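One structure below.
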Amino acid sequence: MDEKEWELFLAPYHQAVEELKVKLKGMRSLYDYEIDHSPIEFVTGRVKPVASIKEKARRKSIPLHNIETMQDIAGLRIMCQFVEDIRIVIKMLLARKDMEIVDKRDYIAEQKESGYRSYHLVAEYPLQTPRGEKKVLVEIQIRTLAMNFWATIEHSLNYKYSGNIPEKVKHRLQRASDAASRLDDEMSEIREEIKEAHAVFFRKKEHGPKGDKR
Ligand code: 0O2
Ligand code: 0O2
């Protein structure tokens, strides 16, 4: 494919990413209105650059005429504050009528060897085009802020070392991943305590503390 053909091929993917960014950011706003805590902190999206698509196609032996079977040409990323929020977001995505989840990879239950943790969903997203409906595959990565922090650093180190991170650094990254996982656990505990404190506070407000003469 020449540059023009790639541009044409990728146009629906750009459209899908833009539409889904609006929809998922919209979910966050609706949560803000209706419920006190939004499970979505922020959303980003990108279309994979052509050079990365070609490299992955070579690595995974995907012929160019089957390139639309690649699941992450269009990619959305949903960041959450707490691990518990990830389940809520997954449930919310599974219930949506405007996409069909066709695959999932749980790298939280089973983290990658690198230390990578995230939950990946692959959705078939129907796009309305001038030639009618076209379904495109979209990968949605759902992760906590701590998981995102780790993945962002590891990704840039991988880039710096062209995929050959020195063993010593790899080991440190695995330890950092464990630390991020503990941070997620700690934050969940704190969240539970805050919720309990809230409940006690509102109970007291409703019934008055013991000895209250009102
Ligand atoms: P705001 O008010 O700027 O936060 P684009 O590709 O430029 O059309 P977008 O959404 O601007 O679209 O860019 P992208 O890269 O897909 O998403 C970036 C969004 O993620 C921006 O939000 C950033 O502010 C937000 N973001 C990035 N890192 C963080 C972070 O660490 N914490 C938080 N809370 N937000 C982050 P918006 O929607 O543009 O709005
Ligand atoms: P980008 O856009 O630069 O992030 P494979 O490419 O073989 O690893 P597979 O099996 O097709 O992946 O899909 P998978 O593992 O569900 O998703 C791959 C994407 O997950 C990667 O995209 C990363 O975004 C993220 N990811 C997976 N493993 C790691 C890891 O060890 N470290 C980091 N930082 N991210 C990871 P790309 O291709 O890197 O593209």
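Remember, it's a predicted structure, so these values are computed and weren't measured experimentally. Start at 1 and go down the list; that is how both ligands and their atoms are numbered.
When only non-hydrogen protein atoms are considered, atom 5 (P) of ligand 2 lies nearest to R59 NH1, 3.9 Å. The nearest protein atom to atom 40 (O) of ligand 2, hydrogens excluded, is given as K48 NZ, 3.2 Å; this is a heavy-atom distance. Ranking protein heavy atoms by distance to atom 22 (O) of ligand 2, first place goes to D72 OD2, 3.8 Å. Counting only heavy atoms of the protein, atom 12 (O) of ligand 2 lies nearest to K56 NZ, 3.6 Å. E154 OE1, 3.2 Å is the protein heavy atom nearest to atom 33 (C) of ligand 2. Protein heavy atom in closest approach to atom 26 (N) of ligand 2: Y116 CZ, 3.5 Å.
Residue contacts with ligand 2 include E139, since one of its heavy atoms falls under 4.0 Å from the ligand.
Atoms of ligand 2 found under 4.0 Å from any heavy atom of A151 (numbered from 1 in listed order, with element): 34 (N). Of all atoms in ligand 2, listed by their number and element, those nearer than 4.0 Å to a heavy atom of K112 are 8 (O), 15 (O), 27 (C), 28 (N). For ligand 2, the atoms sitting less than 4.0 Å from at least one non-hydrogen atom of R46 are 1 (P), 2 (O), 40 (O), numbered in the order shown with element in parentheses. Close approach of ligand 2 to S114 is summarised as follows: ligand atoms under 4.0 Å from at least one heavy atom of the residue are 30 (C), 31 (O). Within ligand 2, counting atoms from 1 as listed, the ones closer than 4.0 Å to a heavy atom of K60 are 7 (O), 9 (P), 10 (O), 11 (O).
For a threshold of 3.5 Å applied to N or O pairs, the pair formed by H120 and ligand 2 contains at least one separation below that value.
Side chain to side chain, D178 and Q174 fail the donor-acceptor criterion of an N or O pair below 3.5 Å.
The residue from R143, R117, R87 that alone fulfils the salt bridge (Lys or Arg N to Asp or Glu O under 4.0 Å) condition with D106 is R87.
I88 and I90 fall within the same hydrophobic cluster, defined by Ile, Leu, Val, Met, Phe, Trp and Tyr side-chain heavy atoms under 4.5 Å apart, directly or through other members.
Atom CZ of R46 is separated from atom NE2 of H14 by 10.5 Å, given to the nearest 0.5 angstrom.
Checked for salt-bridge contact, E139 and R77 miss the test: no charged N lies under 4.0 Å from a carboxylate O. Remark: D85 does not engage R28 in a salt bridge, criterion side-chain N to carboxylate O under 4.0 Å. With respect to the salt-bridge test (charged N to carboxylate O, under 4.0 angstrom), the residues D2 and K4 do not qualify. Here E186 does not pair with R182 in a salt bridge; the nearest charged N to carboxylate O distance is not below 4.0 Å.
Geometric assessment of R191 against the ring of F82 yields a positive cation-pi assignment under the 6.0 Å and 45° thresholds.
Counting non-hydrogen atoms of other residues, nucleotides and ligands closer than 6.0 Å to CD of Q128 gives a total above 12.
When non-hydrogen atoms are compared, ligand 2 lies under 4.0 Å from the side chain of R77 (C-beta onward) but not from its backbone.
Nearest-residue assignment for atom 23 (C) of ligand 2 (options H155, Q141, Q71; heavy-atom criterion): Q141.
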